Amino acid sequence: MFAYYVDLAWRSLRRSRGLTILMVLAIGFGVAASMTTFAVFRAASGDPIPWKSGKLFVPQIDSAGPGNGNTDNEPPQQLTYPDAMALMRDHRAVHQSAMYRLGVSVVPDKAGAHPFNVDGHAVFAGFFPMLDVPFAYGSAWSHADDQHRAAVVVISSHLNDKLFGGGNSVGRSINIEGKNYRVVGVTDHWDPKPMFYDVVNTGGFTTQRDDVLIPLPSAIDANITNQGTTNCSRPSPEPGFVGLQHSTCVWIAYMAELDSTAQVSAYKRYLDNYARSQQQAGRYDWPPNNRLRSLPQWLDYMHVVPSDTKVSLLVALGLFVVCLVNTAGLLLAKLTRRSGEIGVRRAIGAPRRAIYAQFVIEAGMVGLTGGVLGMVLTALGVLAMRVVLPPEIADLARLNVGLFALTVLVAMAATVLAGLYPSFRAANVQPAWHLKSH
Amino acid sequence: MLKMTHLSKVYRTEVVETYALRDFSIDVKEGEFVAVTGPSGSGKTTFLTIAGLLETFTGGSYHLDGVDVSHLNDNARSKIRNEKIGFIFQAFNLIPDLNVYDNVEVPLRYRGMKAAERKKRIMESLERVGLSSRLKHYPAELSGGQQQRVAIARALAGSPRLLLADEPTGNLDTQMARGVMELLEDIHREGATIVMVTHDPELATRAQRNVHVIDGQVVDVAEDRVFSTSQLAEHSPA
């Protein structure tokens, strides 16, 4: 009977072309608006490292004290250099890394080639296994390299293409800020969005990419300054980059991997004990006020998903609901025109469920056609995203088979849902009343 | 075949009860051709819709082909309508966007019949009504008489035990009406049970038996006799 209902639906849709076109347009535009904004929202709000995000934590230590510009008694979002180095020394997590943002110039080997600027981070060796950074060539540097302040570097595949034509550059040297660094690894197209390991300095979504990763102690030694945010509650005791390292300013991002709830509890106790020891040492004159947020909690706390993306999605969903209500109204109008046919079908033996199925399938076909139109419009919508959203957000919306399939599926499911009431009404047409009225 | 005993149908509103049928009894035997006559509003069509299981009744009993139909659910009633009853309506009630073949096919589709069997029955029915050459025509392309013949073919295709006809010639001119009546008579001669509602006394004369209804009650049952126009007029409202 399914094929029969499909055939009847096709005839019905052809018969009232005007209504059909209106319904298909309503569904097509509604679903396209929703799916376009959903594509952006999904990318913006998706878990950047789903297999591990629950094990990654961001510690916060209140190094500023109450009334020092903190809102809601929240500790600063980054750490002071002394606190970060203390946490690194104590090594209480499975993996951990302090980090700060770099903006450095690279001088190519080739004669006549001009230096160029790249972005990056100064990190510790634990950064790589903690974030499961994939390598095309080589690997991360070792903890020993951190300790010996080795001049080593991990570069992105993009920079590797640019400097070495994409070949295996492990062992080669690159000149960063006038000093040679030995390449130990090349990441394999690793450019997570959002840049979850340092949302304070990047806002999460950025068009910039980490092309160089240098051991933090080596970067400090080389006086490679912080290009990220620096917040100071008190002036630095001495000027310059060295002064910053001795100050109470916060500028170091930090992340730790904790694999069990016991480890998380222990780490919280450790942070409190550390703050208490600093209080006893006279460095802080306030009780411990620490936080330890998991990565998802941290991204939420930092409002990484832009609020306008959420608003756009809500507006688009609202538009889709309006389109569905209109479609339900148009389906009801069709039903009114076809009550005679329904009466006849019921009289000659169609049970209610057959009429119901016929109309639900008709609604499904409207949804399918609307979904196909929606696919085309979604593709156009994603391309048009750049006009209404910043490029770093708009770039996230990607066209793929999954998005197209979802568009059609949502259109069909929603239209069938909108068609349930008209179908129910159709199935309950009283044949006797209709036939008497003729 | 069709037996109603003291059957009543009441339409209730908050302020008034209207009896469409009251203490209505009729017994139609297998193979009979019965005409149900009466003036407009007498309850003829209500009788026919109840007989065709398109409407429920308020009181009394109704047995169709030996089955008490008073407590059947929608599925069972639909199944009986589909398998045992053929309807012929005054307004033909063909589905406009289906061609002749597809219109006749509709009841067979709901019976879940295989395509080959459907085709055989459709062709036989259309040949029976003389329209086998119009398979691809749409209702709008046919005359009124031809449309009614298609409706009759649709009713016959399922080999029903009972044919219910509601003013089958009401929308036709005299010549077409004669043709349709002759067809019904032929079908009756072949053994079909037919109950025809009409307010046309001349048509009623073509039936074996007349049942006259006024104000929802059977007032006269005449077997093998012919009502005259004047006799019917006596029962009609002024």
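The chains referred to below are lettered A, B, ... by the order of the sequence lines, with proteins before strands, and numbering in each begins at 1. This is a predicted model, so every value here is computed, not measured.
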Greater than 12 external heavy atoms within 6.0 Å of A/F29's CZ |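 For A/F29, atom CZ is not crowded (no more than 12 foreign heavy atoms under 6.0 Å).
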Does atom NZ of B/K3 have more than 12 heavy-atom neighbours, drawn from other residues, nucleotides or ligands, at distances under 6.0 Å?
->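 Atom NZ in B/K3 is not crowded, with 12 or fewer foreign heavy atoms closer than 6.0 Å.
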Trace of the salt bridge (charged side-chain N to carboxylate O under 4.0 Å, His left out) decision for A/R11 with B/D102 | CA-CA 12 Å; A/R11 289 168 191 261; B/D102 292 335; 2.9 Å; yes
Write down the atom of B/L7, the atom of B/S61, and the distance for their closest heavy-atom approach.
->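 It is CD1-O, 3.8 Å.
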What heavy-atom pair brings B/F87 and A/A347 nearest, and what distance separates the two atoms?
->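 So the minimum-distance heavy-atom pair works out to CE1-O, 3.1 Å.
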With A/R352 via salt bridge (Lys or Arg N to Asp or Glu O under 4.0 Å) - residues at least two apart |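 Salt bridge (Lys or Arg N to Asp or Glu O under 4.0 Å) list for A/R352, sorted by chain: B/D74.
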Below 4.5 Å from any heavy atom of chain B, which atoms of A/R338 appear? Answer side chain, backbone, both or neither.
->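 Nothing of A/R338, per the 4.5 Å heavy-atom cut-off to chain B.
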Relative to chain B, which segment of A/R15 carries a heavy atom at a distance below 4.5 Å: side chain, backbone, both, or neither?
->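 Looking at A/R15, just its side chain touches chain B.
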State whether a side-chain donor-acceptor pair under 3.5 Å links B/T198 with B/D200.
->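 There is no such pair between these side chains.
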Output the option from A/P351, A/S12, A/A350 having the highest count of non-hydrogen pairs under 4.5 Å with chain B.
->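 Maximum pair count with chain B is reached by A/A350.
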So which of A/M1, A/R346, A/R353 has the largest heavy-atom pair count under 4.5 angstrom toward chain B?
->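 The option with the most such pairs is A/R346.
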If you check every heavy atom in residues 108-132 of chain B against those of chain A, which residues fall under 4.5 Å?
->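 B/R109, B/Y110 fall under the 4.5 Å cut-off.
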Using non-hydrogen atoms only, which part of B/I85 is less than 4.5 Å away from chain A: side chain, backbone, both, or neither?
->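 Contact with chain A: none, neither part.
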Is there a side-chain contact (heavy atoms from CB on, under 4.5 Å) between B/L163 and B/L156 once you walk through the steps?
-> CA-CA 8 Å; B/L163 270 182; B/L156 292 177; 4.0 Å; yes
Of the listed residues (B/I80, B/L48, B/N82, B/L53), which shares the most heavy-atom pairs with chain A below a 4.5 Å separation?
->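 Among B/I80, B/L48, B/N82, B/L53, the one with the most close pairs to chain A is B/N82.
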Apply the test side-chain contact (heavy atoms from CB on, under 4.5 Å) to residues A/R345 and B/V106: give CA-CA distance (whole Å), side-chain angles for both, the deciding distance (0.1 Å), then the verdict.
-> CA-CA 8 Å; A/R345 287 185 180 277; B/V106 172; 3.7 Å; yes
